[in-house]
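FYI, side chains are in, hydrogens and waters are out, and symmetry mates aren't considered; it's all heavy atoms of this structure. Below, read A as the first sequence line, B as the second, and so on, with proteins coming before strands; counting in each chain starts at 1.
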Amino acid sequence: MSILIDKDTKLVVQGITGRDGSFHTRQMMEYGTQVVAGVTPGKGGQSFEGPDGKTVPIFNSMDEAVAATGANTSVIYVPPAFAADAIMEAADSGVKLVVAITEGVPVQSMARAHAFARDRGVRVLGPNCPGIISPGKAKVGILPAQIVAEGPVGVVSRSGTLTYEAVFQLTNLGLGQTTCVGIGGDPLIGTNFVDCLEAFEADPDTKAVVMIGEIGGTDEQEAAAYVKAHMSKPVVGFIAGRTAPPGRRMGHAGAIISGSAGTAEEKVRAFEENGIAVARRPIDIAGLVQAALA
Amino acid sequence: MSILIDKDTKLVVQGITGRDGSFHTRQMMEYGTQVVAGVTPGKGGQSFEGPDGKTVPIFNSMDEAVAATGANTSVIYVPPAFAADAIMEAADSGVKLVVAITEGVPVQSMARAHAFARDRGVRVLGPNCPGIISPGKAKVGILPAQIVAEGPVGVVSRSGTLTYEAVFQLTNLGLGQTTCVGIGGDPLIGTNFVDCLEAFEADPDTKAVVMIGEIGGTDEQEAAAYVKAHMSKPVVGFIAGRTAPPGRRMGHAGAIISGSAGTAEEKVRAFEENGIAVARRPIDIAGLVQAALA
Amino acid sequence: MNIHEYQAKERFRAAGIPVPPGEVATTPEEVEAIARSIGGMVVVKAQVHSGGRGKAGGVKLAKNPEEAREHASRILGMEIKGLKVTKVFVTPAEDIATEAYVGVLVDRKSQCPTFMVSSEGGIDIEEVAATKPEAIRKLKVDPRYGMLPHQAYWLANTLYDDPALVKQGAKVIGQLYTSFVDSGASMAEINPLISTKAGEVKAIDAKMSIDDSELFRRPEVAAMRDTSDEPWEETKARDAGLSFVKLDGNVGCCVNGAGLAMATMDLVKYYGGEPANFLDIGGSSNPDKVVAALEIITADPDVKVILFNIFGGITRCDDVANGIVEATKRIDIKLPIVIRLTGTNEEQGIKILADAGFSAFTSMDEVVQKAVELAKA
Amino acid sequence: MNIHEYQAKERFRAAGIPVPPGEVATTPEEVEAIARSIGGMVVVKAQVHSGGRGKAGGVKLAKNPEEAREHASRILGMEIKGLKVTKVFVTPAEDIATEAYVGVLVDRKSQCPTFMVSSEGGIDIEEVAATKPEAIRKLKVDPRYGMLPHQAYWLANTLYDDPALVKQGAKVIGQLYTSFVDSGASMAEINPLISTKAGEVKAIDAKMSIDDSELFRRPEVAAMRDTSDEPWEETKARDAGLSFVKLDGNVGCCVNGAGLAMATMDLVKYYGGEPANFLDIGGSSNPDKVVAALEIITADPDVKVILFNIFGGITRCDDVANGIVEATKRIDIKLPIVIRLTGTNEEQGIKILADAGFSAFTSMDEVVQKAVELAKA
């Protein structure tokens, strides 16, 4: 088992003809992901040339792509100016999961796009996230496939490359993964730590979870409380940014709303107080997982 | 029994200090409606002088009014420029029914206000409607109380004064009413014929229903189909506008969307084809009800 | 409120929609001069608040300025559905490759602004809608989000195969929605939206109806009201806050509420009479409104009797009674007046009428029969 | 992007918020002249992209133009939280009756623009929030509907008892939301929003942070960027599309991804070293970015070693390798460079580096230990 994506994932790539979109579509196809359609307005009717002579039909709209292929998931590589609209188009097309890779989407546009997806019961991952990989099953996004392996560990992270780091360590230690999820580092993200923890708790194949956070916000603190209240499986944590200097802050609004400075110390404390083993170095993460599973 | 309002209705009057608001608040109180609060921004803390020395506390906002009084219904007499916002304020305050009397609310504003109320599961009646009266129990709106009587007939109408006419005839013939509802004549209304028919069908005290329509739109046709499919109780209908000349129509959009000219003939035919007895004159309505109940 | 084609085009142009140039004129001489300054073939189009201009001969192609002048001299002054043409619009003839239909209105059922588009635009669009519904693509615009770019693109995809035209079409559709919202419109329509042989998408006709309830907050739109083609009674009624439609009968009707007003007309007809008008004096009536109503009704030489049918709810019977008394003091009314007055403050109202020498009915059936009888006398 | 008080006030004024007049100046002479033209008491306020100006002595009241000039001569050139003051704003002193706080930001948790208001505004607002949370009224603005008039009124009702002030406050709150949205802001704040003894509500301070992702579609806001008070490295980094923060250590860090960059700094510290900077080269890296990164890092005389930590995902290892090779051709780098490169296109990247004479690590722990060791050598 896995969470969010698996062998039955039928993927549409929005922005399939762009530089990043085409590169990563090939990588996803090479990994065995069922890429059933691409969408690039104005290029409907053309074909995308994938690896091994495989081709993917291109459509003008998500509506047509889903109608023709029965896709259930989309991934978005379109430029920031069009990404929020692409998310809403996907959310209206019938897919159940929208993975938004694009970085730099205006936050106010995302507030509307997230509301739009919520209205329709569609899950968004990201934006500004590396995506998901369920090793041996499917990959949606940009996570490098060569570092993952099948196994019992669920990984969820706010960071992109730091996730790769942790997964790389796990794999090197022989600890494969059920699913690795990069939830993204933007202020407004569609799927958060708690959503993923809940899914990992419900997934019978996941035996332990790695949660990688960073400074800013209070998502990690809420996730820690969730772990204590609802998780039976061991969770190992890491927080990046212990040495980050305090920023020059403008205004009081941020502090008033969160009641928190969002420091690494706060988050490490929240993890430890709620039974989450915290790694000091990225290299220690895999060892703590191994110990938890022993 | 009755529909929408009864003895347990606890009413807030939005715009209680205006000319229409204050006049009709007194009339509603005289009828025995529990008017528990008024709202007029800037007049919070004052009191409204009702009949018989009764007073009603005035609040600055619906939020405060509902918190202080546990009101479950509101009625709106504020000017058109503020009415859509007043509906949204009410829908956010915890009341379950909002009766909007105000005429002349911009249609595009109402599209937003209706969506807002739907998002919150709040029922809106109107706008541009005369309100509801459940004889012997409560009155919300502007229907003249002296023409109603308790009894077994449910009345639902798109028209204001034509409703009074029909109710007057019923009462004169000894046929009282469970509830009389004026759903309003605006293009976008919150509660339609079908909603009321459904409620009358479910109300054990209602034995027959009078439905009064007029030219324009297709609400009557849909209501007629609903009657045939779902109503066990007899329904008597009347359609105003048989002699109305066709308007000078601009554009094709209306005809394309509805696929209907919305004429009286169409509606009368839809009624008759679905088992609804149609009165030729207003004075015939009560007789048809009497026959149906015999 | 309906606005003219040339006014709708101004609104569209302000929203960025490509609209060919053109000028409005009130005389054949002006038309000739405009046609000359445009050069080449032009179209002369009657500006009147009604559809069906083309079929009525109100739209003509002219090969040269002289012909434009001739067309204008026939079109100006012509009557289309009871409205007199006082203005024409002169615009270049276009080199049309395709004609599409694009319209938006607030749909009662979905309670959303709703688009309809079709690649088969032109004057037969309603027949297309009736016989080939699959040729019309519809889209509900969620008023919480507005028109989204991909939705406009999805609609435009129906209209054209060429991606360059789709892109232009999507832009026009988005701009039409903006114009619709910014104008407080209840309907906005481009028919046809043409593509030219040179590959340009343009709006060569424009229709827009404004929601009367929006005018108070849009003075620049309210200023577009043109009453020059409508009967003076309608203008006067609107200015007084009344709703009035002239008919051909002789029973002058003055009723509160549109539904009751229609039912009253229906009943006049039922009893063998003919209503002279539809007239709704609306809610919260005041004496000035009644005065205006009586002035309008009595100006019609066909009217033989004045019928009041008032059922008071928000309109109070005493207000109406005061209005009637006041009005009959201000105007010398020679016609018989029959009054039905019941509902809110009925007793006060009847007393006021009684004090002034009027007697009032309480039954609608009786008062209508009485009015029809007097009209036949 | 943070903008200055005087710029935020321009945005607020454009939205209709009552903001007292004032002018910006860069010399004490200008300040004196402005104070003279204003007349009466003025306030001289440092314009710098940081809070805490008042406590740092960057805001001073002046009784007359001469005193304003004296204050300005002390404030201009002063450093506040590492930023040099190059501009001051001169504005009339107000006759303050009450000080309220009004702020809005996009809240991560509710995913909505969220207002906070309090009648207890001023510099201690955060303490009020921490110790008397009931003195803060919060409101989530549903982005589907925007700020509704009754919501602004509901917030303003917290601030004042007098209905006339509530009305003004509600108007300001609505305008602040408009300005927030139209500016593409992530935060906008008025602290204090004063009422004067004459009963007028005014914004006498203004703070606004703009969402960097909004700038591409708002050139007029982007033009407000003022880099005069920030270190040149930060300006150069931003222009190159990098994210850079200067620190005090000697290990120059160049990492892809903010999380990995922070983890790298943490690990440098863990092994007894001190990072010289935070530097995220971001996704889809190209050689020019690497060149800019190296120019910034090597300009710091404290740096003893350059540490690359690259884990390729959307950033391809071959791009980064090419960038490093290209950069080392363009700039003469005398410092040791240690490189960790793994992930997407790892083999091609390592081959490119190998061909250019570099050797690359694949372990983050090893490369950081090596870098710390070299920095201490």
Side-chain angles (χ1 to χ4, degrees), chain B residues 19-20 23-24 27 80-81 101 103-108 110-112 114-116 130 142-144 146-147 157-165 168 185 187-188 212 214-215 217-219 222 238 240-245 248-259 264 280-283, chain C residues 2 49-51 81-83 101 103-109 111-114 116 125-126 129-130 136 138 142-144 181 184 186-187 189 191 207 209 211 213-214 216-217 245 247 256-260 262-263 265-267 269-270 275 278 283-284 311-314 342-344 346 364-365:
Chain B
R19 183 179 188 270
D20 292 335
F23 175 81
H24 289 288
Q27 293 231 329
I101 307 302
E103 183 181 348
V105 187
V107 173
Q108 292 192 23
M110 279 314 304
R112 284 160 47 84
H114 283 311
F116 190 92
I142 62 173
L143 289 120
Q146 68 272 27
I147 60 169
S157 171
R158 257 172 84 178
S159 161
T161 44
L162 185 53
T163 316
Y164 313 160
E165 192 66 52
F168 189 50
L188 303 192
I212 299 169
E214 55 187 50
I215 51 170
T218 57
D219 283 12
E222 285 138 33
F238 181 84
R242 292 176 189 241
T243 53
R248 294 176 209 111
R249 203 159 51 79
M250 289 285 284
H252 306 279
I256 296 174
I257 195 97
S258 68
R280 278 302 303 255
R281 302 176 299 174
I283 207 174
Chain C
N2 293 329
H49 293 116
S50 167
K81 299 198 179 164
L83 302 177
Y101 171 88
V104 56
L105 88 176
V106 180
D107 176 40
R108 302 169 81 106
K109 203 178 296 182
Q111 306 201 321
C112 292
T114 301
M116 288 140 290
I125 183 65
E126 286 186 36
I136 311 270
K138 293 182 189 173
D142 187 331
R144 300 173 302 174
V181 171
S186 51
M187 189 278 295
E189 187 175 271
N191 187 32
K207 286 197 174 64
S209 298
D211 178 0
S213 301
E214 296 269 10
F216 77 95
R217 58 185 178 192
V245 180
L247 299 171
N256 69 321
L260 190 61
M262 287 191 288
M265 289 156 54
D266 294 351
L267 201 60
K269 183 94 176 179
Y270 180 88
F278 166 92
S284 294
F311 211 126
I314 203 163
T342 193
T344 306
E346 170 177 333
M364 170 170 171
D365 236 61

Student: Quick check for you: to the nearest 0.5 Å, what is the distance between C/Leu260 atom CG and B/Glu165 atom CD?
Tutor: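 Rounded to the nearest 0.5 Å, the CG-CD separation comes to 5.5 Å.
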
Student: Counting heavy-atom pairs closer than 4.5 Å to chain C, which one of B/Gly185, B/Pro106, B/Pro282, B/Pro187 comes out on top?
Tutor: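 Answer, by heavy-atom pair count under 4.5 Å with chain C: B/Pro106.
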
Student: At their closest point, which heavy atom of C/Gln111 faces which heavy atom of B/Leu188, and how far apart are they?
Tutor: CA-CD2, 3.8 Å

Student: Side chain from CB out, backbone as N, CA, C, O: work out which of these in C/Ala130 comes under 4.5 Å of a heavy atom of chain B, or both, or neither.
Tutor: neither

Student: Would you mind checking which part of B/Phe116 comes under 4.5 Å of any heavy atom in chain C, side chain (CB onward), backbone (N, CA, C, O), both or neither?
Tutor: neither

Student: Working to the nearest 0.5 angstrom, can you tell me the gap between B/Asp219 CG and C/Arg108 CZ?
Tutor: 6.0 Å

Student: Using heavy-atom distances under 4.5 Å, tell me whether B/Ile147 contacts chain C through its side chain, its backbone, both, or neither.
Tutor: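 Interface part for B/Ile147: side chain.
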
Student: Please classify the contact between B/Ala81 and chain C as side chain, backbone, both or neither, with a heavy-atom cut-off of under 4.5 Å.
Tutor: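 Backbone plus side chain of B/Ala81, per the 4.5 Å heavy-atom cut-off to chain C.
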
Student: Which heavy atom in C/Phe311 sits nearest to a heavy atom in B/Thr161, and how many Å separate them?
Tutor: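 Smallest interatomic distance, heavy atoms only, reads O-CG2, 3.1 Å.
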
Student: Checking C/Tyr270 against chain B: side chain, backbone, both or neither under 4.5 Å from a heavy atom?
Tutor: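 The side chain, not the backbone.
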
Student: With rounding to the nearest 0.5 Å, note down the distance linking CG in C/Asn256 to OH in B/Tyr164.
Tutor: 8.0 Å

Student: Within a strict 4.5 Å, meaning less than it, do heavy atoms of the C/Met364 and B/Ile283 side chains meet?
Tutor: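 In short, these two side chains do not touch, never coming nearer than 4.5 Å.
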
Student: Looking at C/Ser186, C/Ala129, C/Pro143, which one has more heavy-atom pairs under 4.5 Å with chain B than the rest?
Tutor: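 Answer, by heavy-atom pair count under 4.5 Å with chain B: C/Pro143.
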
Student: Top residue by heavy-atom pair count (under 4.5 Å) with chain B, among C/Gly184, C/Pro275, C/Gly259?
Tutor: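 Top count of heavy-atom pairs under 4.5 Å with chain B: C/Gly259.
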
Student: Who wins among C/Gly103, C/Ala263, C/Ser213, C/Ala258 for the most heavy-atom pairs under 4.5 Å with chain B?
Tutor: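 Greatest number of close heavy-atom pairs with chain B: C/Ser213.
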
Student: Identify which part of C/Asp266 has an atom lying under 4.5 Å from any heavy atom of chain B, answering side chain, backbone, both or neither.
Tutor: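 Both parts, backbone and side chain.
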
Student: Name the region of B/Val105, side chain, backbone, both or neither, that has any atom closer than 4.5 Å to a heavy atom of chain C.
Tutor: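 Contact with chain C: backbone only.
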
Student: Partners of B/Arg242 by salt bridge (charged side-chain N to carboxylate O under 4.0 Å, His left out), sequence neighbours excluded?
Tutor: none

Student: Looking only at heavy atoms, what is the nearest atom pair of C/Lys109 and B/Thr218, with distance?
Tutor: CE-OG1, 4.0 Å

Student: If every non-hydrogen atom of B/Thr243 is compared with every non-hydrogen atom of C/Met265, which pair is closest and at what distance?
Tutor: OG1-CB, 3.4 Å

Student: Check whether C/Val245 gets within reach of chain B through its side chain, its backbone, both or neither, counting any heavy atom under 4.5 Å.
Tutor: side chain

Student: Which one, B/Glu214, B/Arg112, B/Arg281, leads in non-hydrogen pairs under 4.5 Å with chain C?
Tutor: B/Arg281

Student: Against chain C, work out which of B/Ala264, B/Ala240, B/Ser157, B/Pro130 has the most heavy-atom pairs shorter than 4.5 Å and name it.
Tutor: B/Ala240

Student: Select, from B/Met110, B/Glu222, B/Arg158, the one with the greatest count of heavy-atom pairs under 4.5 Å involving chain C.
Tutor: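 That would be B/Glu222.
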
Student: Using salt bridge (charged side-chain N to carboxylate O under 4.0 Å, His left out) as the criterion, list what pairs up with C/Glu214, not counting sequence neighbours.
Tutor: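 C/Glu214 satisfies salt bridge (charged side-chain N to carboxylate O under 4.0 Å, His left out) with C/Arg217, C/Arg218 once adjacent residues are dropped.
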
